[in-house]
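What follows is a single structure, written as structure tokens, with notes after it.
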Amino acid sequence: YVTLIICQDITHSHLPGEPLPSSIVSGNGLDNVPTVAPGLSPACAIWSTAPGCPLNCRTLYRHHRLMEHPPRQERIRQRAESAAAVSSREDIESFFQETATEVLIAFARNPHLHDSDLVRLLERKDLGHEIVQKLAQHKVVEHSYAAKLALAKHPKTPRSISLPLLKFFYIFDLLLVAQTPGVPADVKMVAEEAILKKLAGMPRGQRTALARRGTARIAAGLLFASDPGFIRAVLDNPHLTGAHLLKVLTREGLPTPVVE
């Protein structure tokens, strides 16, 4: 005989030595109605099975484990409901490292999130498109420059969201978008074009900083001045390549100091 101790989800209180309802073991081929063993909690029972008993012990154990602990999908659903509604800072903090997509989507809808919370979430590059899109729909984004910038820099932000945001940004934040790894190439190009369109009215200090730090396309766009010092700042840009310089040299009306 094999003795098994299996946790049960028992709806009625059973004292040690008292038989459990036969409905619990009906059809399992047990040779006796189990009893709660002395010294064990009322949620445990002992079975003695005869050789060849058709009882699938593993299945029975799994069944009762599921009764004790909800399935993973149910736990995720419950956590998602909590994520969408929590309001205390301590509870909100517990969701920043969440990995379940369903929970993160619910968390992105939470009306108690601040713009700093959205920025913090958007620092995670593992967020999927659907989660980022939900964050973009949050009410705080409309009035938050930082949240808009974080969305534009995120590689999973849909172009339909990131492209319209570019018009809100300062020159060097546009540059930040253009230089952020993972941002789609067409979004980077639009950011560069927005910078180049503002060059004419830009103070010299900003233009010099762009000459040194800008992308290759922006640096090449700055090679129209006659000031040797400014030209040198552009040519010292580490992103500027020979291919970009060749394109510059094909321009008509290129200032002589640039060619020299």
Side-chain angles (χ1 to χ4, degrees), residues 6-14 24 41-44 59-170 173-174 176-177 180-184 186-188 190-191:
I6 301 179
C7 291
Q8 299 294 313
D9 181 45
I10 301 171
T11 57
H12 303 287
S13 175
H14 289 80
I24 294 180
S41 71
C44 293
T59 299
L60 184 60
Y61 177 75
R62 180 176 179 273
H63 168 73
H64 291 293
R65 289 290 294 173
L66 291 178
M67 296 286 285
E68 290 180 3
H69 303 287
R72 180 176 183 274
Q73 197 57 40
E74 176 63 17
R75 296 198 305 271
I76 289 176
R77 187 191 66 77
Q78 293 172 358
R79 185 159 173 78
E81 289 180 357
S82 176
V86 292
S87 58
S88 73
R89 297 313 301 174
E90 182 179 357
D91 289 338
I92 287 173
E93 184 70 26
S94 69
F95 287 97
F96 281 105
Q97 301 304 317
E98 179 63 55
T99 58
T101 298
E102 182 180 338
V103 177
L104 285 169
I105 290 173
F107 190 44
R109 298 195 304 265
N110 188 307
H112 304 291
L113 296 182
H114 301 162
D115 62 342
S116 58
D117 297 326
L118 267 63
V119 171
R120 183 176 171 187
L121 281 167
L122 289 165
E123 290 173 353
R124 290 180 51 175
K125 304 308 178 187
D126 62 326
L127 297 183
H129 292 279
E130 191 175 1
I131 299 167
V132 175
Q133 192 162 3
K134 287 295 181 184
L135 288 170
Q137 296 169 358
H138 199 282
K139 63 181 182 179
V140 305
V141 172
E142 183 179 357
H143 305 291
S144 173
Y145 184 94
K148 288 185 178 73
L149 183 58
L151 280 166
K153 289 164 48 186
H154 199 281
K156 301 294 180 59
T157 301
R159 291 165 176 80
S160 59
I161 293 174
S162 57
L163 288 174
L165 292 176
L166 298 180
K167 65 178 180 286
F168 295 105
F169 302 145
Y170 299 120
D173 287 331
L174 285 169
L176 190 58
V177 173
T180 299
V183 172
D186 54 343
V187 176
K188 291 185 176 186
V190 173

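Rounding to the nearest 0.5 angstrom, the gap separating the CD atom in Glu130 from the CG atom in Leu135 is 11.0 Å. Here NZ of Lys156 is found 13.5 Å from CD of Gln133. Values are rounded to the nearest 0.5 Å. Separating the CZ atom in Phe168 from the CG atom in Leu174 is a distance of 12.0 Å, to the nearest 0.5 Å.
With contacts defined as side-chain heavy-atom distances shorter than 4.5 Å, the pair Glu102/Ile105 does not qualify. For the pair Glu93/Arg89, no side-chain contact is recorded, criterion being any heavy-atom separation below 4.5 Å from C-beta on. Taking the side chain as every heavy atom from C-beta outward, Phe107 and Lys134 never approach each other to under 4.5 Å.
By the 4.0 Å N-to-carboxylate-O rule, Glu98 lies too far from Arg124 to be salt-bridged with it. The pair Arg77-Glu81 counts as a salt bridge, with a side-chain nitrogen and a carboxylate oxygen less than 4.0 angstrom apart. The pair Lys153-Asp173 does not meet the salt-bridge criterion, since no charged nitrogen lies less than 4.0 angstrom from a carboxylate oxygen.
Nearest heavy-atom pair across His112 and Ile92 is O-CD1, 4.0 Å. Among all heavy-atom pairs drawn from Leu127 and His154, the shortest one is O-CE1, 3.9 Å. When all heavy atoms of Lys148 and Val141 are compared, the closest pair comes out as NZ-O, 2.9 Å. Annotation for Pro155 and Gly182: closest pair CB-O, 3.3 Å, computed over non-hydrogen atoms. Closest approach of Leu121 and Leu113 over heavy atoms only: CD1-CD1, 4.5 Å. The shortest non-hydrogen separation linking Ala147 to Leu122 is O-CD1, 4.2 Å.
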Run the numbers on Val119 and Leu149 for side chain to side chain contact (heavy atoms under 4.5 Å, CB included), then give the verdict.
CA-CA 9 Å; Val119 171; Leu149 183 58; over 6 Å; no
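In Tyr145, the OH atom is crowded: over 12 heavy atoms of neighbouring residues, nucleotides or ligands sit closer than 6.0 Å.
Remark: the backbone N or O of Val140 is paired with a side-chain donor or acceptor of His138 at under 3.5 angstrom. Distance alone, capped at 3.5 Å, is enough to place a donor-acceptor pair between the Asn110 side chain and the Val86 backbone.
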